[in-house]
Student: 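The structure that follows is given in the form of structure tokens.
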Amino acid sequence: MKPMQPVRGTADLMPRQKSQMNIVLEKASLIASRYGFQDMETPIFEFTEVFSRPLGESSDVVAKETYSFEDRGGSSLTLRPEGTASVMRALISNGLTQSLPQKFFYAGPMFRYERPQKGRMRQFHQIGCEYIGSFNPLADAEVIGCAAQFLSELGVLHSCRLHLNSLGDGESRDTDRAALVAFLPHYKNELSSDSQRRLNENPLRILDSKADEDREILKNAPQLLAFLTTQAQQHFEQVTNALDKAGINWQLDINLVRGLDYYSHTAFEFITDELGSQGTVLGGGRYDGLSAMLGGPDIGAVGFAAGVERLALLIEQKQEFTYDIAVVITDDNAASDGFALAQNLRLQGLKTDIPMAPQLGKKLKRASLIGCKLSFIIGENEIKSDTIQVKVMTTGEQKQMEISQALSFAEKFLKHGLEGNLSE
RNA sequence: GCGGGUGUAGCUCAGUUGGUUAGAGCGCCAGUUUGUGGUAUUGGAUGUCGCCGGUUCAAAUCCGGUCACUCGCCCCA
């Protein structure tokens with residue numbers, strides 16, 4: 001074993017980064033609750049079939065990105081590469097198909113074996129909302145609305161564009177695929193090598209190829225929207241009408257398709273151009289087929305997932321950890337009194353530290369280093385007179401006070417900042 | 001899985017066409033200040049130059065390999 005370094009694609013979430021992510025997490029949970037999405041959590045691994053069936057054996061996620069292993073009992077298990085399949089499995093396992101609809105919010109780590117890049121890790125974190133048990137287009141709109149408000153309140157919506165497309169229902173998909181399969185082989189030799197491979201595996205995904213030669217050919221290719229059934233068209237229209245009426249901006253992206261097999265109808269992504277090629281910051285869509293693929297009843301569902309690390313990279317706000325008060329103990333004889341004082345302050349709800357250093361000067365230095373606004377200095381002299389020295393760190397002002405007096409001063413000072421007056 | 005870039009002190013980075021004891025800023029430690037921090041000033045410590053091998057009288061510098069990070073492709077959050 002050589003390096004004391006984390007496994008490739010994993011990262012320690014040190015306080016600075018973790019606090020940044022907490023902003024995202026807390027905001028997501030808050031906004032989701034306004035839409036009725038209730039917090040829940042599933043295990044981070046499942047039987048492999050939970051993912052391999054619904055996501056599609058040929059999908060990149062299953063084909064080459066999963067962490068799968070056999071446990072000691074011989075079961076094939078997989079670390080979850082995404083949240084939706086697990087949530088649906090949990091709904092079925094818990095017998096909730098009888099009490100629909102259900103609206104869930106979840107957050108937690110996901111695992112994909114990929115080449116790491118900025119905003120792309122092998123262990124990363126997602127938050128997501130799933131609205132399960134409705135075929136109504138308003139459910140799509142509600143999910144998108146929730147996503148938009150979430151991004152907006154994080155302050156990142158302005159730098160994102162909402163891309164929208166309809167994949168249609170099963171019937172639309174079949175006719176479209178047939179048309180595409182009939183069209184593309186004429187150009188087989190001109191397609192990029194990736195797309196030639198996809199021709200057999202998943203022709204729909206050729207649509208969002210970025211290779212120039214493919215784009216040229218696709219200009220004349222049959223388009224998804226043209227093959228939507230009447231019902232699928234109506235569904236899409238009702239979604240977009242609802243978004244328009246609510247003032248949520250979107251743009252049609254006819255090449256937006258989803259890599260996972262269970263998607264149908266609405267597909268959407270919020271894309272930013274501030275993160276290089278990892279621009280998709282939140283994505284989702286309708287997945288009416290998923291429940292049946294897992295052996296459940298025919299249930300309509302729609303949801304989204306967002307990458308916590310990617311969002312954390314976008315938000316500017318930083319929270320520095322600061323203390324309110326340092327209890328500075330000048331000599332060992334005052335140790336227990338100082339400790340009791342600090343403990344009391346913490347019971348009052350004040351963030352308090354006891355600087356540990358060999359000399360008084362070092363203790364005060366430590367106090368200002370970690371951002372204490374006040375120092376309460378206590379030593380033998382103070383104990384004799386039942387007082388402490390209160391020092392305002394920004395100005396250096398200092399005054400001897402009784403402890404109760406010091407407490408009420410601290411309360412006032414921390415609330416009103418510099419208006420607190422020492423000479424009062 | 002495929003391509004490009006980078007790896008020098010805790011951090012950000014200099015380091016000439018290969019040349020002797022490898023540098024700066026910030027940070028850290030200590031003194032000026034034995035019951036008073038922040039500012040100032042003086043001094044100090046710190047490196048297997050990512051790792052392994054090769055070329056050479058001589059390698060941080062050139063070559064090969066390897067590991068890590070990073071940017072792109074693929075795909076996605």
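Chain letters run A, B, ... following the sequence lines, proteins first, then strands; residues in each count from 1.
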Student: Hey, which of these two, A:A306 or A:S368, hits RNA chain B nearer its 5' end, going by closest nucleotide?
Tutor: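 Mapping each residue to its closest nucleotide by heavy atoms, the 5'-most match is A:S368.
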
Student: Rounded to whole Å, please give me the gap between CZ in A:R120 and P in B:rA77.
Tutor: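 Taking atom P of B:rA77 as the reference, CZ of A:R120 is at 11 Å.
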
Student: May I ask you to say what A:G128 touches in the nucleic acid, namely base, sugar-phosphate or nothing, with a heavy-atom cut-off under 4.0 Å?
Tutor: nothing

Student: Taking only the P atom of each, what is the distance from B:rC69 to B:rA60 in whole angstrom?
Tutor: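 It works out to 26 Å between them.
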
Student: Would you please confirm or rule out a distance under 4.0 Å between OP1 or OP2 of B:rG72 and any side-chain N or O of A:Q117?
Tutor: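 Yes, such a contact exists.
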
Student: Is any side-chain heavy atom of A:C129 closer than 4.5 Å to a side-chain heavy atom of A:Y35?
Tutor: no

Student: Side-chain N or O of A:R115 less than 4.0 angstrom from OP1 or OP2 on B:rC2?
Tutor: no

Student: Please determine whether the number of non-hydrogen atoms from other residues, nucleotides or ligands lying under 6.0 Å from atom CZ of A:F47 exceeds 12.
Tutor: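 At most 12 heavy atoms, drawn from other residues, nucleotides or ligands, come within 6.0 Å of this atom.
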
Student: Under 4.0 angstrom, heavy atoms only, what part of the nucleic acid is A:N381 near: base, sugar-phosphate, or nothing?
Tutor: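 Touches a base.
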
Student: Identify the nucleotide, in any strand shown, that forms a Watson-Crick or G-U wobble pair with B:rG7, with both distances under 3.5 Å; if there is none, say none.
Tutor: B:rC67

Student: For the residue pair A:S264 and A:D169, confirm or rule out a side-chain donor-acceptor distance under 3.5 Å.
Tutor: no

Student: CD of A:E65 versus C1' of B:rC76: gap in Å, rounded?
Tutor: 7 Å

Student: B:rU70 base to A:K118 side chain: any donor-acceptor pair below 3.5 Å?
Tutor: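 No pair found.
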
Student: Would you check, one step at a time, whether the test ring-ring contact (aromatic ring centres under 6.0 Å, His included) holds for A:F37 with A:F104?
Tutor: CA-CA 5 Å; A:F37 294 101; A:F104 296 126; 9.1 Å; no

Student: Taking a pair as Watson-Crick or G-U wobble with both distances under 3.5 Å, which nucleotide is matched to B:rG44?
Tutor: B:rC28

Student: Closest-nucleotide mapping onto RNA chain B: is A:M393 or A:E309 further toward the 5' terminus? I mean the 5' end.
Tutor: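 Its nearest nucleotide being more 5', the pick is A:M393.
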
Student: Is any side-chain N or O of A:K362 closer than 4.0 Å to OP1 or OP2 of B:rU33?
Tutor: no

Student: What is the distance, to the nearest angstrom, from the NZ atom on A:K399 to the P atom on B:rG35?
Tutor: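 A:K399 atom NZ is separated from B:rG35 atom P by 25 Å.
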
Student: Using the C1' atoms only, state how far B:rU12 lies from B:rC57, rounded to an integer number of Å.
Tutor: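 The same atom, C1', in both gives a distance of 37 Å.
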
